[in-house]
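Numbers restart at 1 for each chain; the letters A, B, ... are given by sequence-line order, proteins then strands.
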Amino acid sequence: MDSLSADKIREYRGTLTKPGVESPHRNRSVEENLDLFGRMRAGEFPDGAYVLRARIDMASPNLNMRDPVMYRILHASHHRTGDQWCIYPMYDWAHGQSDSIEGVTHSICTLEFEDHRPLYDWFLEQLGIFHPQQIEFARLNLSYTMMSKRRLLALVQKGIVDGWDDPRMPTISGLRRRGYTPESIRDFSERIGVAKRDSIVDVALLEHCLRDDLNKSARRVMAVLRPLKVIIDNYPDDKIEEVEAVNNPEDESMGTRPLTFSKVLYIEKDDFREDPPKKFFRLSPGSEVRLKHAYYITCVDVEKDEKTGEIVAVHCSYDPATKGGWSADGRKVKGTLHWVSAAHAIEAEVRLYDYLFTKEAPDVVEEGKEFTDFLNPNSLEILHGCKVEPSLAEAKAGDRFQFLRHGYFCADTKYFTPDRLVFNRAVSLRDTWAKIEKKQADE
RNA sequence: UGGGGAGUCGUCCAGUGGUAGGACACAUGACUCUGGAUCAUGGAACCGGGGUUCGAAUCCCUGCUCCCCAGCCA
């Protein structure tokens with residue numbers, strides 16, 4: 001039993017290069033120690049008055065062996081045992097015993113506990129109980145992601161994220177809400193392996209595993225995130241048709257569904273350019289594209305707001321001979337767009353996520369900086385007024401879809417209701433056009 | 001500068017005395033009713049210096065770099 005203050009214990013411990021000094025209380029008699037420990041457990045002393053320490057070796061080059069503390073007084077309410085106890089064991093003292101009691105044969109932990117293994121072994125040996133083997137491995141680090149629980153807690157407490165299950169959080173609840181499948185996480189775990197060296201796994205691999213899984217299983221649906229009105233001039237005003245859409249080209253057994261086509265549609269704003277760059281396969285004045293599963297259309301006119309010059313609608317003509325999305329004359333169109341019928345689409349809120357940090361290793365920060373200095377201001381973008389196909393009205397929280405040409409989305413488990421459809425983007429599709437465009441911009 | 005660990009393509013993981021391999025990423029091409037998916041091809045690495053050996057990523061010596069430890073945290 002030691003009655004040195006915490007400060008004194010630190011002082012007596014020595015440093016990395018200087019051996020420690022034994023506490024003046026180190027040689028108390030067994031009787032006195034027993035008496036003191038009994039009273040300590042009985043709650044006679046205030047916090048910090050006494051600690052129980054193991055007498056090992058104050059000169060050990062391993063600081064953990066310099067008479068480590070086993071129990072300290074903490075008059076705190078425990079979430080399970082309440083005020084029943086006022087002394088609590090230190091991790092090193094408790095760790096081996098709980099492993100032993102549980103009959104764990106191999107106790108896996110992270111690298112920073114390598115220095116603690118001699119102590120783990122020492123306690124077990126002194127106790128003479130079943131001796132599990134502790135083995136240390138490197139922790140998982142993900143690029144552009146923070147994995148430290150303490151720092152993640154800070155994000156939650158500061159309100160930077162929407163709780164532990166914020167879809168940007170690398171927590172299980174966060175990944176789940178984001179739309180990650182258990183299969184994809186297991187696949188990822190297998191692919192990254194386990195080793196003893198410090199490393200940062202590319203978050204792109206995690207994303208790849210999700211795409212890989214969802215590509216095979218997710219239902220394809222039409223969702224226009226940033227709507228642009230398209231009017232088919234030569235299509236009858238009141239006509240409504242049904243076209244058949246494949247639910248998943250990777251899995252025929254998932255069947256088809258009907259889609260409603262009409263004169264006024266929405267397409268993606270990005271899918272139209274009045275002044276198209278090179279290699280732009282989408283809609284532009286005079287160009288012909290396919291509306292997926294429906295018709296070929298050609299842009300004939302652009303309608304702009306007189307004051308702002310903003311494009312408010314695009315006028316097209318359609319070829320009635322291309323129903324279903326193919327042409328008997330064999331002519332090809334390079335672009336295929338997704339769309340929804342304006343009168344039939346339903347509204348949704350879509351949340352686009354990006355990495356929480358702009359730095360590959362946000363927990364490695366230089367002097368004077370904090371990890372919060374590298375937060376990505378654009379990690380969340382909320383889109384209102386998105387137009388999605390009517391079948392999504394039957395979606396349930398947690399359902400996953402591929403929004404055609406966009407990515408994989410998950411109906412949010414926190415905010416999704418029949419009256420308010422909220423979808424989280426789990427991961428985008430690979431965007432080859434974005435690369436081409438970026439390359440063109442660089443040149 | 002005490003002690004404990006780790007160094008292999010851009011990234012992660014294999015290879016432990018016999019042709020350095022896979023995945024992701026990247027690049028190029030093919031195909032395509034998703035610029036998706038798929039397929040093909042390609043570039044790309046043994047921390048440095050010695051030594052042992054017919055032969056070294058692997059064994060030996062030596063140097064270098066990086067990570068962890070001075071909580072009554074875990």
Notebook entry, point to check: Any side-chain N or O of A/Ser143 under 4.0 Å from OP1/OP2 of B/U11?
Noted result: no

Next item on the list: Would you indicate what A/Lys435 reaches in the nucleic acid, counting non-hydrogen atoms under 4.0 angstrom: base, sugar-phosphate, or nothing?
Entry: sugar-phosphate

Checklist line | A/Tyr408 and A/Gln402: CA distance, side-chain angles, deciding distance, side-chain hydrogen bond (donor to acceptor under 3.5 Å, both in side chains) verdict | finding: CA-CA 4 Å; A/Tyr408 298 97; A/Gln402 185 197 100; 3.1 Å; yes

Next item on the list: Give A/His293 one of three labels, base, sugar-phosphate or nothing, depending on what nucleic acid heavy atoms sit under 4.0 Å from its own.
Entry: base

Check: Looking across every strand, which nucleic acid part, if any, lies under 4.0 Å from A/Leu291 by heavy atom: base, sugar-phosphate, or nothing?
Finding: nothing

Notebook entry, point to check: Of the nucleotides B/A25, B/G36, B/U1, which has the atom closest to the A/Thr432 side chain?
Noted result: B/G36

Margin query: Is it the case that B/G35 (base atoms only) and A/Arg405 (side chain only) share a donor and an acceptor within less than 3.5 Å, ignoring hydrogens and angles?
Written below: no

Notebook entry, point to check: Are the ring of A/Trp433 and the six-membered base ring of B/G35 within the stacking cut-offs of under 5.5 Å and under 30°?
Noted result: yes

Next item on the list: Taking syn as within 90° of 0 and anti otherwise, name the glycosidic form of B/G5.
Entry: anti

Next item on the list: Look at all strands and tell whether A/Gln402 reaches a base, only sugar-phosphate, or nothing, counting heavy atoms closer than 4.0 Å.
Entry: base

Next item on the list: Could you tell me whether A/Phe280 contacts a base, only the sugar-phosphate backbone, or nothing, with contacts defined as non-hydrogen atoms closer than 4.0 Å?
Entry: base

Check: Should A/Arg430 be listed as having a side-chain N or O under 4.0 Å from OP1 or OP2 of B/G35?
Finding: no

Margin query: Does A/Leu404 reach a base, just sugar-phosphate, or nothing at all? Heavy atoms under 4.0 Å.
Written below: base

Note to self: Counting the atoms with a prime plus P, OP1 and OP2 as sugar-phosphate, which does A/Lys8 contact under 4.0 Å by heavy atoms, base, sugar-phosphate, or nothing?
What the structure shows: nothing

Next item on the list: Tell me whether the OP1 or OP2 atom of B/C24 has a side-chain N or O from A/His208 closer than 4.0 Å.
Entry: yes

Item checked: Protein-to-nucleotide contact annotation, 5' to 3' order, nucleotides 66-72 of chain B [B base; S sugar-phosphate only; - none; under 4.0 Å, heavy atom] -> -SBBBBB

Margin query: As a check on the pairing definition, encode RNA chain B in dot-bracket form, counting Watson-Crick and G-U wobble pairs whose two distances are under 3.5 Å, and using | for partners outside this strand.
Written below: .((((((..((((....[..)))).(((((.......)))))....(((((..]....))))))))))).....

Next item on the list: Give one of base, sugar-phosphate or nothing for A/Val333, where a contact means two heavy atoms less than 4.0 Å apart.
Entry: nothing

Check: Is there a donor and acceptor pair closer than 3.5 Å between the side chain of A/Glu250 and the base of B/G36?
Finding: yes

Note to self: Over all strands shown, is A/Pro249 touching base, sugar-phosphate only, or nothing at heavy-atom distances under 4.0 angstrom?
What the structure shows: base

Note to self: Please classify the nucleic acid contact of A/Arg53 as base, sugar-phosphate, or nothing, using heavy-atom distances under 4.0 Å.
What the structure shows: nothing

